[in-house]
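Notes to accompany the following structure.
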2 protein chains.
Amino acid sequence: MTSHFNTKERILHAAEDLFAQHGFAGTSLRQVTSRADVNIAAVNYHFGSKENLVNEVFKHRMDDMSEKRLSALAKAVENDPNDLEGILLAFIQPALALTLDRHGGAFVRVLARAYAEKNDGLRNFLSENYGQVLREFAKAIAHCLPQLSKEELYWRMDFVAGALTYAMADFGLIKRQNGVSEKAHCEKAAQHLIRFAKAGLQA
Amino acid sequence: MTSHFNTKERILHAAEDLFAQHGFAGTSLRQVTSRADVNIAAVNYHFGSKENLVNEVFKHRMDDMSEKRLSALAKAVENDPNDLEGILLAFIQPALALTLDRHGGAFVRVLARAYAEKNDGLRNFLSENYGQVLREFAKAIAHCLPQLSKEELYWRMDFVAGALTYAMADFGLIKRQNGVSEKAHCEKAAQHLIRFAKAGLQA
DNA sequence: GTCTATAGCGAGATAGAC
DNA sequence: GTCTATCTCGCTATAGAC
């Protein structure tokens, strides 16, 4: 399976899985190279350092997700700038899509974990990129809800992002039922979340 | 400041701060004992192992917060079983109170971090205890919103818990303004969150 | 109950052959 | 570009003096 990829890609995939499972500090490069079935020295050859590997794992998925979010947002706004549900879907759908991807599912937990890491520079790097995307959505949502103050809007968007992160990472009470496919579970999650977030934003 | 406490308590407080800042795997016992100004051997004398220290740090605050939540819930329900806002406040207030505590503020991030740790046994221990408290709240909220299916209720409570965790841990777009006291910031957070969560639950 | 000292291990990183 | 071998460091944990 992994043997279709070259050394660098195998390291990236193995690291993504392990970071999701054990965190950044909790994962050793030895674990990564062992799972990727490459030599221990390869990671320093290709990435220079562990810290650099962490950043690359991140950038890879974040760039992809942000791009999908922004293009979905542009399409939704062009279609109907007052369709709050469409805008929310543009925000939620790309995150959802990740959980259906073989390796992306791990990344969702990596993402949640990164939010829990407070000072590590990774967090700053993240909030800069991710922050810009959030501001685009804020603009679109503000257009739908002109009565909302900017402060109130930002609070509520934080709540939506929190609910999304939490639900996507599969914390909490809700567990996927045995009879339900992962895809169906995620679609249900999106549907519930959009309904909830829409009502909360309109409060 | 810390010298008012004995060795064991100093270790607990130092560990709480550092776990919040660097995570569990990212914090060494040497950092802990150095900050607590106790000898490196003291932690193994008092706690046996690092893993045990992690659990104790957790149990200490969780027991306290769960107790406060449940007693506030009992009071709210006794006062008016249909007061959804009162029930939400009982859920949110004790988490809020922690962020105003000298050491509790760190714990909120420790908590968020624990949710991001998926397989480490700590997560199971947590979901068992915390899960019971959540189910009590689910019962009370279900009474206020009898038209909601159990599944829908659980989804929405997950979203509320996510929004709370995210907001409390100070992720996201919203930053405390320089002119605003921490206490005022938290009260505003609670006020916004209750409004948002109430509307979302009633959707 | 608290110290010093150290055992024993696994980490990240690198040098240099191939 | 990938390997083996190894350096150096910091970690958890413990033994034993006080």
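Just so it is clear: chains get the letters A, B, ... in the order the sequence lines come, proteins before strands, and each one is counted from 1.
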Phosphate OP1/OP2 of D:dT2: any A:Thr7 side-chain N/O under 4.0 Å
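For A:Thr7, the contact criterion (side-chain N or O under 4.0 Å from OP1 or OP2 of D:dT2) is met.
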Quick one: sort the [X] and [Y] rings into parallel, tilted or perpendicular, breaks at 30° and 60°.
X: A:Phe159; Y: B:Phe196; result: tilted
X: B:Phe19; Y: B:Phe24; result: perpendicular
X: A:Trp155; Y: B:His185; result: tilted

Once each nucleotide of nucleotides 11-17 of chain C is scored for protein heavy atoms under 4.0 Å, what B/S/- sequence comes out, 5' to 3'?
BBBB---
In the structure I gave you, are the side-chain heavy atoms of A:Phe91 and A:Leu134 within less than 4.5 Å of one another anywhere?
yes
State, yes or no, whether a side-chain contact exists between B:Glu51 and B:Val54 at a heavy-atom distance under 4.5 Å.
no
